[in-house]
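A short write-up of the structure that comes next.
Just so you know, residue 1 is the first one in the sequence shown, and it goes up from there.
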Amino acid sequence: GPAAGPGAQAQPPGPGAFDLGAQSGRWAAFQERHRLSCEEAARLLLDAYEYRGLVKHTGGCHCGAVRFEVWASADLHVFNCNCSICTKKQNRHFIVPASRFKLLKGADNLTTYTFNTHHAQHTFCKTCGVQSFYTPRSNPDGYGIAPHCLDDGTVQTIVTEDINGKEWEKAVKEHKTIRDMSKP
């Protein structure tokens with residue numbers, strides 16, 4: 001652009017641009033060292049800040065058509081529900097807010113089954129039939145993730161809690177934290 005004359009005011013960065021000040025050299029070196037675009041480096045920084053204390057797990061169905069990532073603790077609190085569908089499917093799951101879940105591929109390969117109140121959205125792969133995640137009735141604003149569908153290497157421990165899904169309303173009413181598990 002044109003050279004600013006003496007006493008000219010510096011213009012603030014435009015939309016989407018930001019001034020890194022003394023950190024600009026460090027930022028450029030970080031991007032170059034790790035071969036990252038500005039967006040990729042910003043995503044790393046935001047993830048590290050927003051998901052502090054959490055681990056990025058990846059996983060998916062058996063055939064690989066459905067893949068996802070989820071930010072959760074390395075120490076998982078898994079529910080073992082005895083309702084009719086969870087019993088038939090052996091659906092053990094941990095719950096996360098929707099903001100911590102990202103479907104990486106396979107949206108077109110998912111199908112959904114509902115029953116009873118139709119609040120729970122039991123999604124599964126059309127090809128291999130595996131339900132790697134679903135939308136639970138207890139937390140319709142989050143996801144229930146099947147820990148056995150996570151890739152190896154990020155889970156440290158699993159604590160399993162039985163929940164009496166046969167008496168769903170009573171169990172959810174009496175449970176002190178289940179409804180808040182999808183809250184960021």
Side-chain angles (χ1 to χ4, degrees), residues 43-44 46-126 128-184:
R43 186 179 316 118
L44 278 175
L46 289 168
D47 286 349
Y49 183 77
E50 290 180 347
Y51 302 130
R52 206 176 331 198
L54 302 177
V55 173
K56 181 166 69 170
H57 303 280
T58 56
C61 67
H62 185 259
C63 71
V66 176
R67 296 289 299 160
F68 64 86
E69 68 182 33
V70 61
W71 287 88
S73 174
D75 302 303
L76 300 178
H77 183 115
V78 173
F79 291 101
N80 181 31
C81 180
N82 69 352
C83 77
S84 61
I85 195 163
C86 288
T87 297
K88 295 251 185 207
K89 293 190 305 178
Q90 294 295 293
N91 179 27
R92 291 174 186 87
H93 59 278
F94 61 97
I95 299 171
V96 298
S99 63
R100 294 187 189 158
F101 176 86
K102 181 179 181 184
L103 183 62
L104 300 174
K105 74 174 197 170
D108 58 334
N109 213 53
L110 289 171
T111 192
T112 303
Y113 172 71
T114 66
F115 69 101
N116 193 14
T117 66
H118 302 283
H119 286 96
Q121 303 291 305
H122 298 275
T123 50
F124 58 96
C125 175
K126 292 178 189 178
C128 66
V130 170
Q131 175 182 288
S132 50
F133 65 90
Y134 81 112
T135 305
R137 180 177 171 195
S138 64
N139 287 266
D141 55 345
Y143 289 94
I145 311 297
H148 51 273
C149 289
L150 297 178
D151 299 334
D152 290 339
T154 54
V155 176
Q156 287 183 348
T157 64
I158 295 178
V159 173
T160 303
E161 177 184 357
D162 290 337
I163 190 145
N164 186 8
K166 288 181 180 178
E167 299 178 86
W168 191 89
E169 288 81 4
K170 180 182 176 195
V172 170
K173 184 179 178 184
E174 291 175 357
H175 198 281
K176 298 195 183 332
T177 61
I178 195 167
R179 289 233 186 229
D180 294 330
M181 294 190 140
S182 60
K183 306 294 183 257

**Asked** Considering all heavy atoms of both residues, which atom of Gly60 and which atom of Phe68 are nearest to each other, and what is their separation?
**Response** N-CE2, 3.4 Å
**Asked** Is it true that a side-chain atom of Thr87 and a backbone atom of Asn82 form a donor plus acceptor pair closer than 3.5 Å?
**Response** yes
**Asked** Of all heavy-atom pairs between Leu76 and Pro147, which one has the smallest distance, and what is that distance?
**Response** CD1-CB, 4.0 Å
**Message:** Just verifying a value: how many Å separate Gln131 CD and Cys86 SG, rounded to the nearest 0.5 Å?
**Reply:** 7.5 Å
**Asked** Which pairs count as salt bridge (charged side-chain N to carboxylate O under 4.0 Å, His left out) when at least one residue sits in residues 143-152, sequence neighbours excluded?
**Response** Arg67-Asp151
**Item:** Closest heavy-atom pair and its distance - Gln90, His148
**Value:** O-CE1, 4.3 Å
**Asked** Do Gln156 side-chain atoms and Gly153 backbone N/O form a donor-acceptor pair below 3.5 Å?
**Response** no
**Request:** Can you see which heavy atom on Pro140 is nearest to which on Ser138, and at what distance?
**Result:** CD-C, 3.7 Å
**Message:** Could you report the tightest heavy-atom contact between Ile163 and Ala171, atom names first, then the distance?
**Reply:** CG1-CB, 4.1 Å
**Message:** For a quick test of reading the model, state the closest non-hydrogen atom pair linking Glu167 to Asn164 and the distance between them.
**Reply:** OE2-ND2, 2.7 Å
**Request:** Could you check whether the rings of Tyr113 and His122 sit parallel, tilted or perpendicular, using 30° and 60° as the cut-offs?
**Result:** tilted
**Neighbour count >12 (heavy atoms, 6.0 Å) for atom NZ, Lys166** = no
**Asked** Quick check: does any side chain N or O of Asn80 sit under 3.5 Å from a backbone N or O of Glu161, one acting as donor and the other as acceptor?
**Response** no
**Message:** Measuring from atom OH of Tyr134 to atom CD1 of Ile85, what distance do you get when rounded to the nearest 0.5 angstrom?
**Reply:** 9.0 Å
**Prompt:** When you look at Phe94 and Leu150, which way does the side chain to side chain contact (heavy atoms under 4.5 Å, CB included) test go after all the steps?
**Reply:** CA-CA 11 Å; Phe94 61 97; Leu150 297 178; 4.0 Å; yes
**Asked** Quick check: does any side chain N or O of Thr123 sit under 3.5 Å from a backbone N or O of Thr135, one acting as donor and the other as acceptor?
**Response** no
Sequence neighbours left out, cut at 3.5 Å: what donor-acceptor pairs do the side chains of residues 101-112 make with other protein atoms?
{"from": "Lys105", "atom 1": "NZ", "to": "Gly64", "atom 2": "O", "distance (Å)": "3.2"}
{"from": "Asn109", "atom 1": "ND2", "to": "Thr127", "atom 2": "OG1", "distance (Å)": "3.0"}

**Complete:** Rounded to the nearest 0.5 angstrom, the SG-CD1 distance for Cys81 and Ile178 is 8.0 Å
**Item:** Inter-residue atom distance Ser132.OG - His62.NE2, 0.5 Å rounding
**Value:** 12.5 Å
**Message:** Parallel, tilted or perpendicular: which one describes the rings of His93 and Phe79, with boundaries at 30° and 60°?
**Reply:** tilted
**Request:** Scan for salt bridge (charged side-chain N to carboxylate O under 4.0 Å, His left out) pairs involving residues 128-142, sequence neighbours excluded, and state none if there are none.
**Result:** Arg137-Glu169, Asp141-Lys183
